[in-house]
Amino acid sequence: MYWSHLFIPTLREVPADAEVASHRLLLRAGYVRPLGAGIYNYLFLAQRSMTKIMRIIREEMEAIGAQEFHLAALNPAEVWQESGRWEGMGQNMFRLKDRFNRDLCLAMTHEEVMTSIARGELRSYKQLPQIWYQIQTKFRDEPRPKSGLLRVRQFFMKDSYSFDVDAAGLDASYEKHRQAYCRIFERCGIAYMVVDADSGAMGGSASQEFMVATEAGEDHVVHCKATGYSANLEKAVSRPAPASAADDMTALEPDEIHTPGAKTIDEVSKFLGVPATSLIKSVVVIADFGKQQKPVLALMRGDHQMSETKFLSVVGCKEYRAATPEEIRGLFGADPGSLGPVGAPKMPIYADTALEGRHNLVAGANKDDYHLKNVTPGEDFTPKYADLRQVVAGDTEVETGAPLEIVKTMEIGHIFKLGYKYSESMGLQVLNADGKETKVIMGSYGIGVERVLCGAVELYNDADGISMPAAIAPFEVVVTPVNFTDEALKAAAIALYAELKGMGVDVLLDDRDERPGVKFKDAELIGIPWRVTVGKKLAQGVFEVSERRTKTVTEVGVSEVAGWLKAKLA
RNA sequence: CGGGGCGUGGCUCAGCCUGGUAGAGCGCCUGGUUCGGGACCAGGAGGCCGGAGGUUCGAAUCCUCUCGCCCCGACCA
């Protein structure tokens with residue numbers, strides 16, 4: 001294509017509202033334009049990149065035998081009511097009514113619709129396994145769209161669903177997806193991590209997330225360089241960093257101390273001159289078990305934070321919330337800043353394993369402005385021990401003791417073993433080999449297409465703009481004649497353009513009547529991986545080939561250039 | 001939904017406090033000179049100052065309401 005005919009509205013100045021790199025650059029490079037909060041139009045360049053990403057996805061999905069569908073985005077309420085997610089999705093789902101006042105929604109995912117197709121059509125185990133997928137617009141009424149294309153209200157998702165007769169079948173489908181996802185992200189040319197994750201609202205047992213490390217991300221991943229261990233912060237396990245001060249191991253009885261005004265861990269620590277690692281943090285929460293709500297006391301080492309996910313799975317409740325100050329006063333007779341396990345009212349007490357084996361710690365006295373010293377778990381109170389804490393910097397890997405780091409990441413893909421959640425709630429069964437009705441076991445697997453694009457931009461950019469991986473760049477090569485009005489340069493540029501095109505290279509000819517500096521800057525901004533400068537060196541029979549990523553320039557003979565580039569792009 | 005910020009030519013912003021004929025740079029158009037890292041000269045087009053109401057002789061500017069966007073938090077497959 002000839003640049004002078006294209007719409008590539010690059011901006012010299014940085015758009016005021018854009019803060020994260022991918023947002024700023026996708027706007028500046030003319031890939032996208034905003035339409036509303038969390039709603040974007042994809043212009044020529046973005047569409048080109050997105051199409052390439054989707055092509056890679058389709059090829060790899062086909063390779064594992066997945067079949068492409070295209071489901072309705074406009075869904076009747078009934079199918080969501082069956083699974084219980086009409087309520088469950090809350091305000092994040094766009095809802096609307098038709099002219100007859102019937103409830104509809106814009107789908108944010110398609111477990112329900114896929115399951116409804118499967119239950120109507122799948123009759124026998126002989127039809128399994130099936131993997132069905134689609135690439136489709138998803139809608140989510142995000143409370144706060146942000147960071148350009150990172151968190152939006154309308155986006156493309158590749159979502160696939162597997163149907164198997166038994167757990168072994170699901171394992172195989174899941175593994176196929178895991179490998180396909182690895183190949184997809186590798187082919188897209190982006191650095192990614194696979195991390196163990198919590199399955200959250202999707203339900204089900206196992207799940208892994210595919211992550212790109214970027215400060216713009218909203219997730220935190222615990223990563224061990226030495227062992228390769230990586231897990232979502234919510235789920236990650238660790239060996240806690242040792243306490244800052246050794247415990248006094250003598251047998252002592254709890255002893256009340258006056259701590260006026262000291263309520264937070266920090267204040268108590270300062271007031272008593274005792275490190276936070278020798279304090280017990282007491283958290284009162286109201287756990288929701290569905291039928292009843294009960295208070296639970298959770299204990300953490302002073303420097304640790306509770307992991308919501310771990311708490312939910314340890315305690316076995318559906319949800320929980322912090323107890324209100326009034327509830328706490330009613331139960332403990334003291335304010336939140338002075339709570340502790342000794343003399344606490346009767347309720348389940350869970351202590352994080354970092355407190356196990358500790359001696360003579362400081363905890364609240366359940367009396368305003370008083371704490372207790374010499375509190376020893378297991379002697380002065382008896383908790384159930386469990387891993388409840390969130391990993392913090394300084395923790396080490398459980399097996400090896402190797403250091404762990406916490407990395408900010410963006411999720412680009414997620415694979416789940418759903419289990420029977422939807423086949424049960426929606427009644428999806430087939431006849432097995434014994435002629436008996438048996439529930440189908442499912443998996444679901446997603447890739448955020450825009451996020452792959454954003455991830456690439458986040459990972460590969462510099463002061464000059466985007467350095468797109470060749471596989472998903474809008475063009476692979478740009479041919480830049482320094483002066484298109486010079487007949488010799490023009491002829492050479494057109495000839496090279498035609499030759500590259502003939503070889504199947506995705507090439508752009510910058511035929512604009514612009515000064516060379518403008519053309520160079522634009523090419524670098526939009527991220528084309530290779531640029532061939534057709535200029536003064538033509539007289540010596542060579543072109544200069546610049547690699548965007550490394551900024552290296554190689555002189556290649558006029559007749560060899562096309563082959564040289566083709567080889568580099570292979 | 002709470003907190004903060006911002007809406008003025010296509011873009012980045014000034015002007016507002018202290019009301020009195022709407023500005024700059026970039027971009028765009030025309031002509032000319034240029035042509036290896038976002039050129040230069042000359043001329044030109046383009047804005048009911050987000051919207052509504054109010055105060056005033058007079059409002060971009062002051063007041064009230066409203067809409068939108070961005071950021072932080074809550075929230076989040």
Side-chain angles (χ1 to χ4, degrees), chain A residues 7 9-20 23-24 27-28 30 33-40 83 85 88-93 107-112 138-148 150-153 155 157-159 161 197-204 207-210 216-219 232 234 308-309 321-322 410-416 418 421-422 443-448 451 463-465 480-486 489-490 510 512-525 531-539 543-544 546 551 553:
Chain A
F7 181 63
T10 56
L11 303 173
R12 293 197 181 197
E13 285 182 279
V14 180
D17 289 340
E19 301 215 342
V20 309
H23 186 199
R24 199 171 61 236
L27 285 171
R28 263 200 74 200
R33 288 293 182 263
L35 183 62
I39 309 173
Y40 282 85
S83 72
R85 292 208 292 184
M89 284 302 187
Q91 292 201 294
N92 263 25
M93 192 152 69
M108 39 200 295
T109 174
H110 277 87
E111 280 78 10
E112 281 81 356
K138 296 288 190 276
F139 298 90
R140 292 186 189 181
D141 194 1
E142 290 288 343
R144 184 154 92 84
K146 55 184 274 203
S147 308
L150 258 50
R151 177 164 292 278
V152 287
R153 297 195 289 174
F155 58 97
M157 174 180 275
K158 188 290 297 181
D159 47 324
Y161 306 85
D198 181 63
S199 12
M202 299 295 297
S207 97
Q208 286 170 303
E209 291 166 318
F210 292 75
E218 301 179 284
D219 291 304
N232 192 298
E234 275 295 303
E308 295 184 20
T309 306
R321 62 175 173 83
M410 167 177 66
E411 182 183 337
I412 54 175
H414 203 158
I415 55 179
F416 296 91
L418 283 177
K421 182 179 160 103
Y422 296 92
S444 90
Y445 318 87
I447 291 176
R451 290 216 173 154
D464 292 314
T480 308
V482 162
N483 184 344
F484 204 64
T485 56
D486 179 309
L489 298 185
K490 179 176 176 178
D510 193 349
R512 292 177 298 168
D513 183 18
E514 289 285 355
R515 295 166 62 84
V518 173
K519 301 193 201 185
F520 296 159
K521 288 285 185 193
D522 270 345
E524 279 157 22
L525 178 58
R531 186 184 79 227
V532 183
T533 309
V534 179
K536 59 192 173 201
K537 292 281 173 68
L538 178 63
F543 293 138
E544 295 142 275
S546 309
K551 299 275 174 74
V553 179

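By convention in this document, chain letters (A, B, ...) are assigned in the order of the sequence lines, proteins followed by strands, and residues within each chain are numbered from 1. The basis for the numbers below is simple: all heavy atoms, side chains too, and nothing from hydrogens, waters or symmetry mates.
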Asker: Who does B:rG2 pair with, Watson-Crick or G-U, both distances under 3.5 Å?
Answerer: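 For B:rG2, the partner nucleotide comes out as B:rC72, under the 3.5 Å rule.
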Asker: Is A:V152 close to A:P145 at the side-chain level, that is, under 4.5 Å between some pair of heavy atoms?
Answerer: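 Not touching, per the 4.5 Å side-chain cut-off.
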Asker: What nucleic acid atoms does A:P34 come within less than 4.0 Å of, heavy atoms only: base, sugar-phosphate, or nothing?
Answerer: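 No contact.
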Asker: Please check this pair: side chain of A:S83 against backbone of A:R85, looking for a donor-acceptor N/O pair closer than 3.5 Å.
Answerer: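 Looks like yes, one N/O pair under 3.5 Å.
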Asker: To the nearest Å, how far apart are A:R451 CZ and B:rC76 C1'?
Answerer: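 Atom-to-atom, A:R451 to B:rC76, this comes out as 10 Å.
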Asker: Could you state the CG-C1' distance from A:L27 to B:rG27, rounded to the nearest angstrom?
Answerer: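 Taking atom C1' of B:rG27 as the reference, CG of A:L27 is at 17 Å.
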Asker: List every contact pair, protein side and nucleotides 65-69 of chain B side both N or O, where the distance is under 3.5 Å.
Answerer:
| from | atom 1 | to | atom 2 | distance (Å) |
| --- | --- | --- | --- | --- |
| B:rC69 | OP1 | A:A37 | N | 2.7 |
| B:rC69 | O2' | A:D17 | OD2 | 3.0 |

Asker: So, are A:E111 and A:K421 salt-bridged, with charged N and O less than 4.0 Å apart?
Answerer: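 Result for this pair is no, no salt bridge flagged.
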Asker: For A:V518, give me all partners under side-chain contact (heavy atoms from CB on, under 4.5 Å), at least two apart in sequence or on another chain.
Answerer: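 With neighbours one apart ignored, the set is A:R12, A:E514, A:D522.
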Asker: Please figure out whether A:F155 or A:Y40 has its closest RNA chain B nucleotide nearer the 5' end.
Answerer: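 In this pair, the answer is A:Y40.
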Asker: State which of B:rC71, B:rC76, B:rC13 makes the closest approach to the side chain of A:A16.
Answerer: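 The listed nucleotide nearest to A:A16's side chain is B:rC13.
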Asker: Can you tell me the pairing partner of B:rU30 across any strand shown, Watson-Crick or G-U wobble, with both distances under 3.5 angstrom?
Answerer: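 WC or wobble partner is B:rA42.
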Asker: Between A:R151 (CZ) and B:rC70 (C1'), how many Å, whole number?
Answerer: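 Taking atom C1' of B:rC70 as the reference, CZ of A:R151 is at 16 Å.
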Asker: Using Watson-Crick or G-U wobble geometry with both distances under 3.5 Å, which nucleotide pairs with B:rA22?
Answerer: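 Pairing partner, where one exists within any strand: none, as none qualifies.
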Asker: Could you give the NZ-to-C1' distance, from A:K146 to B:rC72, as a whole number of Å?
Answerer: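 Roughly 9 Å, once rounded to whole Å.
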Asker: Specify the separation, in whole Å, of atom CD of A:E19 and atom P of B:rU12.
Answerer: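 Between P of B:rU12 and CD of A:E19: 14 Å.
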Asker: Across all strands shown, which nucleotide pairs with B:rG7 by Watson-Crick or G-U wobble geometry, both distances under 3.5 Å?
Answerer: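 Paired with B:rG7, as far as the under-3.5 Å criterion goes, is B:rC67.
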Asker: Could you check whether any side-chain N or O of A:R153 sits under 3.5 Å from a backbone N or O of A:D141, counting only pairs where one atom can act as donor and the other as acceptor?
Answerer: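 Absent.
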Asker: Whole angstrom is fine here: how far is it from CD in A:E234 over to C1' in B:rC75?
Answerer: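 For the pair A:E234 CD and B:rC75 C1', the rounded distance is 14 Å.
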Asker: Is there a donor-acceptor pair under 3.5 Å between the side chain of A:R151 and the backbone N or O of A:G38?
Answerer: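 A pair under 3.5 Å: no.
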Asker: Which parts of nucleotides 30-42 of chain B does protein reach within less than 4.0 Å, heavy atoms only, written one letter per nucleotide 5' to 3' as B for base, S for sugar-phosphate only and - for none?
Answerer: ----BBBBBB---
Asker: Regarding A:K138 and A:H110, is there a side-chain donor-to-acceptor distance under 3.5 Å anywhere?
Answerer: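 Yes, because at least one side-chain N or O of A:K138 sits under 3.5 Å from a partner of the opposite role on A:H110.
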Asker: Could you check whether A:R531 makes a cation-pi contact with A:F520, meaning its NZ or CZ is under 6.0 Å from the centre of the six-membered ring and within 45° of the ring axis?
Answerer: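 Checked: cation-pi criterion met.
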Asker: Quickly work out the A:M93 CE to B:rC75 P distance and round it to whole Å.
Answerer: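 These atoms are roughly 20 Å apart.
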Asker: Measuring only between side-chain heavy atoms, which start at C-beta, is A:S147 closer than 4.5 Å to A:E218?
Answerer: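 A:S147 does not reach A:E218 side chain to side chain.
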Asker: Hunt down the Watson-Crick or G-U wobble partner of B:rU61, both distances under 3.5 Å, from any strand shown, or write none.
Answerer: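 Looking at the geometry, B:rU61 pairs with no nucleotide.
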Asker: Any side-chain heavy atom of A:I415 sitting closer than 4.5 Å to one from A:F210?
Answerer: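 Yes, close enough: below the 4.5 Å cut-off.
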